[in-house]
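Values below: all heavy atoms of this structure, side chains included; hydrogens, waters and symmetry mates excluded.
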Amino acid sequence: MARITVENTALIVAVEGLDKLWALKSRLEIPLANVRGATHDPGIIRDRKGLRAPGTHLPGVITAGTWHHEGERIFWDVRNPEKAIVIELADERYTRLIVEVDNPRAVVTLIEQATTR
């Protein structure tokens, strides 16, 4: 699971618990200017993921790490798809962040409000 906060002009994604090990990342910091938006998308887990490099995938258990699909680099950290959100990025290493959060609707609202300031 990830904890998402906004600090000054950056979106902070802190990967928590053992997910740090599975995703091989503990923190991502993205300038708000490069965040295009966020959506709650429980169905995203069924999408093709592409090539894992590096990361962990145990179907029905966890999808975590960096994936390459159709020319995009996507960061995943999802165990429970019902809590998955998709964060669209521009001019960043990753084109999307797909992460599980505790309260998807609240986090999407936080991101949307922070990017429209």
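Between Leu89 and Thr95 the shortest side-chain heavy-atom distance does not fall below 4.5 Å. The shortest distance between side-chain heavy atoms of Val15 and Arg27 does not fall below 4.5 Å. With a 4.5 Å cut-off on side-chain heavy atoms, Trp76 and Thr56 do not count as touching. Considering only heavy atoms from C-beta on, Leu97 stays 4.5 Å or farther from Val86 through its side chain. Between Ile87 and Arg96, the closest side-chain pair of non-hydrogen atoms is not below 4.5 Å. By the 4.5 Å heavy-atom criterion applied to side chains, Thr66 and Arg73 are counted as neighbours. At a threshold of 4.5 Å between non-hydrogen side-chain atoms, the residues Leu32 and Val6 count as touching.
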Stepwise side-chain contact (heavy atoms from CB on, under 4.5 Å) check, Lys49 with His69: CA-CA 6 Å; Lys49 292 167 188 58; His69 180 63; over 6 Å; no
Using side-chain contact (heavy atoms from CB on, under 4.5 Å), reason through Asp102 and Met1 one step at a time and then give a plain yes or no. CA-CA 7 Å; Asp102 197 30; Met1 184 174 299; 4.0 Å; yes
Pair Val78-Ile98, side-chain contact (heavy atoms from CB on, under 4.5 Å): steps then yes or no: CA-CA 7 Å; Val78 177; Ile98 303 171; 4.0 Å; yes
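Residue Val61 is grouped with residue Leu18 when hydrophobic side chains (ILVMFWY) are merged at heavy-atom distances under 4.5 angstrom, including chains of intermediate members. Ile4 and Leu28 fall within the same hydrophobic cluster, where Ile, Leu, Val, Met, Phe, Trp and Tyr residues are linked whenever their side-chain heavy atoms come under 4.5 Å apart, directly or through other members.
A donor and an acceptor atom, one from each side chain of Glu92 and Asn34, are located under 3.5 Å apart.
Within the structure, the ring pair (Phe, Tyr, Trp, His ring centres under 6.0 Å) test picks out the following pairs touching residues 89-117 (sequence neighbours left out): Phe75-Tyr94. Sorted by first and then second residue, the ring pair (Phe, Tyr, Trp, His ring centres under 6.0 Å) pairs with a member in residues 4-33 form an empty list; sequence neighbours excluded.
Interatomic distance, CG of Asn103 versus CG of Leu110, reported as 10.5 Å (0.5 Å rounding). Here the straight-line distance linking atom OG1 of Thr39 with atom CD of Glu112 works out to 8.5 Å at 0.5 Å rounding. One finds the CD1 atom of Ile85 at 11.5 Å from the CD1 atom of Ile44 (value rounded to the nearest 0.5 Å).
Scanning both residues, Ile45 and Pro81, for their nearest heavy atoms gives CG2-CB, 3.6 Å. Taking every heavy atom of both residues into account, Ala38 and Val108 meet most closely at O-CG1, 3.5 Å. For the residue pair Arg36 and Ala90, the shortest heavy atom distance occurs at CD-CB, 3.7 Å. Taking all atoms of both residues into account, the shortest heavy-atom contact from Ala84 to His40 is O-CD2, 3.1 Å. Nearest heavy atom pair, residue Glu82 against residue Pro104, reads O-CG, 4.1 Å.
Under a 3.5 Å cut-off, the side chain of Lys25 and the backbone N or O of Leu21 do not form any donor-acceptor pair. Listed for the Glu100 side chain is a donor-acceptor partner under 3.5 Å among the backbone atoms of Asn80. With hydrogens and angles ignored, the 3.5 Å screen pairs no side-chain donor or acceptor of Asp77 with any backbone N or O of Val99.
Counting non-hydrogen atoms of neighbouring residues, nucleotides and ligands closer than 6.0 angstrom, the CZ atom of Arg79 exceeds 12 such neighbours.
With sequence neighbours excluded, the residues satisfying ring-ring contact (aromatic ring centres under 6.0 Å, His included) with His57 are Trp67.
The side-chain contact (heavy atoms from CB on, under 4.5 Å) test with Thr5 is passed by exactly one of Leu11, Val107, Ile12, Val13: Ile12.
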